[in-house]
Amino acid sequence: MTNREVAWILNVMADMLELKNDNPYRVKAYRKAARTVYHLDEDLRDVYLRNAVGEIPGIGSRMRDQIEEMLETGSCNLFAQLRHEVPQGLLDMLSIPGLGHKTIRNLYQELGIDNLEELAAAAEAGQIRTVPGMGAKTESNILKGIDLLKQSREKTTLGLAAPAAEDFSRHIRRAPGIVAISPVGSVRRGKPLVGDIDILVAAEDFNNVRAQVVSYGQVQDISRVGIDYIQGLLQHNMKFEVIMVKPEDYYHSLTWTTGSKEFRELVFRGRDRNHLQGMESEEEVFEHLGLQYIPPEMRENRGEIEKARINGLPVLLKPSDIIGELHVHTDWSDGAHNLQDMASMAQKMGYCFLAITDHSQSLHISGGLSPKRLRDQGQAIDELNQEFKEFTLLKGSEVDILKDGNLDYHDDILQSLDLVIASVHSHFKLDAKQQTARIIKAIENPYVHIIGHLTGRLLNRRPPYELYVDQILAAAYEHQKVLEINAHPDRLDIDEDIARKAAQMGIKIAINSDAHDGKGLQLLKYGIMTARRAWLREKDVINTWELDRILDYFHH
DNA sequence: GCCGTTTTCGGCCCGACTGTTTTCAGTCG
């Protein structure tokens, strides 16, 4: 059992206990243990072998016994017992925004509703409003929530789909006679939401490939098998298709299957793909198509084909251009790891600098720093910096933009920092005019350097807030403020459209992982893909600049 | 459930919004 799987079970146990109206602090203990296990650097199995599971903070003797039971048997007694007592449908209902454990238990007791279908039917029939404390508004929110849930089941975030595609590819590659393999489709193009995972395989003998695909442990279902393809379902409801071609057909098929559909139809229009057999690379395919090589992230028919005809594509930002990172959290607020850990992880990534930007005081729930703690943290950073060679930790803050557009620290505190990211974490439902004015006020503050996750969207969970983006871009340009591409795969905010527009105006972009633990730094790659989808070049992105130049830009 | 130790019991980040009420419970971040 992996750490993730243990964490998942602990979380489900917390949900089930909560639905049973168990002691809220017991529930909290399970959630905390889940979070700790999830962020743990070491494999739990190794901790277990050292007999040290009970030494993990937040894990006492009872939690330890259950985790050890999971590692030994794949489950635990309490989990099995709760599964028996709490219908799965109640857990499904928890993912509807606005429905918590109390409401769900109430609906279960009053109306006997224990799954989403019954819930939807009851809402449509106007039965929900007969329950005390619930009205027409709740009914319509439930229907909206179920709709959103259905939509989110259609597509998976890139952060889940891309690693799944890579793991699956690694498994298939082990079959004998595989000549080449690659994830293709929207995963390869770096789209934030992925409908299905496509994998292209080149081999002489397709039988081996088929057998290898079917043997993969994550495959839940095989829905169709053709001469040269297999379709089915992976865990987490992810659809997949494995496409098999002969080795001589690999590279033109790579271009074909990477898409997008519109792109490929235009590029291959009037072409016989048989004439493209035997190529040695995708570059060669493009050459034969009479085009400059177009990177996968650009293949959306948004002007790239025309540019490629005249050899006029921009040179896109590459992962290796990135030399530092400007937005991470530590255990001073809601991060899992301490300053040293985050610094050494950044050094391992080859970075020259890392900005520590914990939450500000208003964000109580996330352990926001009081002015004093912020000062103390600054001192700790100064001390650490003494030890580093050719690496610098920056003193920063992700400061809350308050409802009225004021910031959560006084200007003199902000002024003392190397870097200030201003972000919205509350009052998501202001109207567009108020929300825009609020953010523009933050942009106008001379001590703010970057605006974090501008639109606040959470993919598959929450739409962006109402905003007049053009007005904000104009203000950001006027005040020379940097916009963040938040690289967390649940956000990817700002999106490629806003980023492209911003860069065209001359607004600089920071790609930030918003990491809450060491591993989180690696999520930057999704932000880089978004930047490439936005046609950003090295010079548009400040993570590629020398530190002096960045600080100069901030404090000009 | 966990934790600490002047307490092995009694605490355990909390403030704001939403929808339902007419003073508040539930949810969320």
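Below, chain A is the first sequence line, B the second, and so on; all start at residue 1.
- Side-chain N/O atoms of A:Asn141 include one lying less than 4.0 angstrom from OP1 or OP2 on B:dG19.
- For A:His359 and A:His425, the distance between ring centers is under 6.0 angstrom.
- Residue A:Pro24 is classed as having no contact, given no heavy-atom separation below 4.0 Å to the nucleic acid.
- Under the 30°/60° scheme for interplanar angles, the aromatic rings of A:Phe79 and A:Trp8 are found to stand perpendicular.
- Nearer to the 5' terminus of DNA chain B, by closest-nucleotide assignment, is the contact made by A:Arg64 (compared with the other of A:Lys137 and A:Arg64).
- Of the inter-residue distances, the one linking A:Glu325 atom CD with A:Leu524 atom CG reads 5.0 Å to the nearest 0.5 angstrom.
- For the pair A:Thr103 and B:dT27, the criterion of a side-chain N or O lying under 4.0 Å from OP1 or OP2 is met.
- To the nearest angstrom, C1' of B:dG26 lies 14 Å from CG of A:Leu19.
- Residue A:Ala136 is in sugar-phosphate contact alone, with no base atom involved, counting any heavy-atom pair closer than 4.0 Å across all strands shown.
- OP1 and OP2 of B:dC12 both lie 4.0 Å or more from every side-chain N or O belonging to A:Lys28.
- One P atom belongs to B:dC13, the other to B:dT22, and the distance between them is 34 Å to the nearest Å.
- Across all strands shown, A:Tyr25 has heavy atoms under 4.0 Å from base atoms, whether or not it also approaches the sugar-phosphate.
- Looking at A:Glu55 and A:Arg50, no side-chain N of the basic residue comes within less than 4.0 Å of a carboxylate O on the acidic one, giving no salt bridge.
- Of the C1' atoms belonging to B:dG11 and B:dA16, the separation is 25 Å, rounded to the nearest Å.
- Summarising the geometry, the separation between CD on A:Gln66 and P on B:dG1 is reported as 6 Å, rounded to the nearest angstrom.
- Atom-to-atom distance recorded for A:Leu374:CG and A:Asp358:CG is 9.0 Å, nearest 0.5 angstrom.
- Aromatic ring pairs are classed by plane angle as parallel below 30°, tilted from 30° to 60° and perpendicular above 60°; the pair A:His329 and A:His516 is parallel.
- The NZ atom of A:Lys403 sits 17 Å away from the P atom of B:dG15 (whole-angstrom rounding).
- Across all strands shown, A:Ser366 has no heavy atoms under 4.0 Å from either base or sugar-phosphate atoms.
- Aromatic ring orientation, A:Phe428 versus A:Tyr465: parallel (interplanar angle below 30°, classes split at 30° and 60°).
- When heavy atoms are screened at a 4.0 angstrom cut-off, A:Leu94 is found touching no nucleic acid atom at all.
- Look at CG on A:Asn77: it is 12 Å from P on B:dG1, rounded to the nearest Å.
- For the C1' atoms, the distance from B:dT21 to B:dG26 is 13 Å, rounded to whole Å.
- Note: CD1 (A:Ile67) to P (B:dG1) measures 12 Å, nearest angstrom.
- Within 4.0 Å (heavy atoms only), A:Leu17 reaches no atom of the nucleic acid at all.
- When the P atom is compared between B:dT20 and B:dT27, the two are found 13 Å apart, to the nearest whole Å.
- One can place CZ of A:Arg31 at 12 Å from C1' of B:dC28, the figure rounded to the nearest angstrom.
- For B:dT18, the OP1/OP2 oxygens have no side-chain nitrogen or oxygen of A:Thr138 closer than 4.0 Å.
- Separating the C1' atom of B:dT6 from that of B:dA25 is a span of 39 Å, rounded to the nearest Å.
- Looking at which nucleotide of DNA chain B each of A:Val131 and A:Lys32 is closest to, the 5′-most match is held by A:Lys32.
- Between A:Ile104 atom CD1 and B:dA25 atom P there is a gap of 20 Å when expressed in whole angstrom units.
- Here the nucleotide nearest the side chain of A:Arg462, chosen from B:dG1, B:dT27, B:dG29, is B:dG29.
- Contact between the side-chain N/O atoms of A:His364 and the OP1/OP2 oxygens of B:dG29 is not found at any separation under 4.0 Å.
- Between the C1' atoms of B:dC12 and B:dT7, the separation comes to 14 Å (whole Å).
- The nearest whole Å value for the distance from the CG atom in A:Leu99 to the P atom in B:dC17 is 21 Å.
- Note on A:Lys429: only backbone sugar-phosphate atoms sit closer than 4.0 angstrom, heavy atoms only; bases stay farther off.
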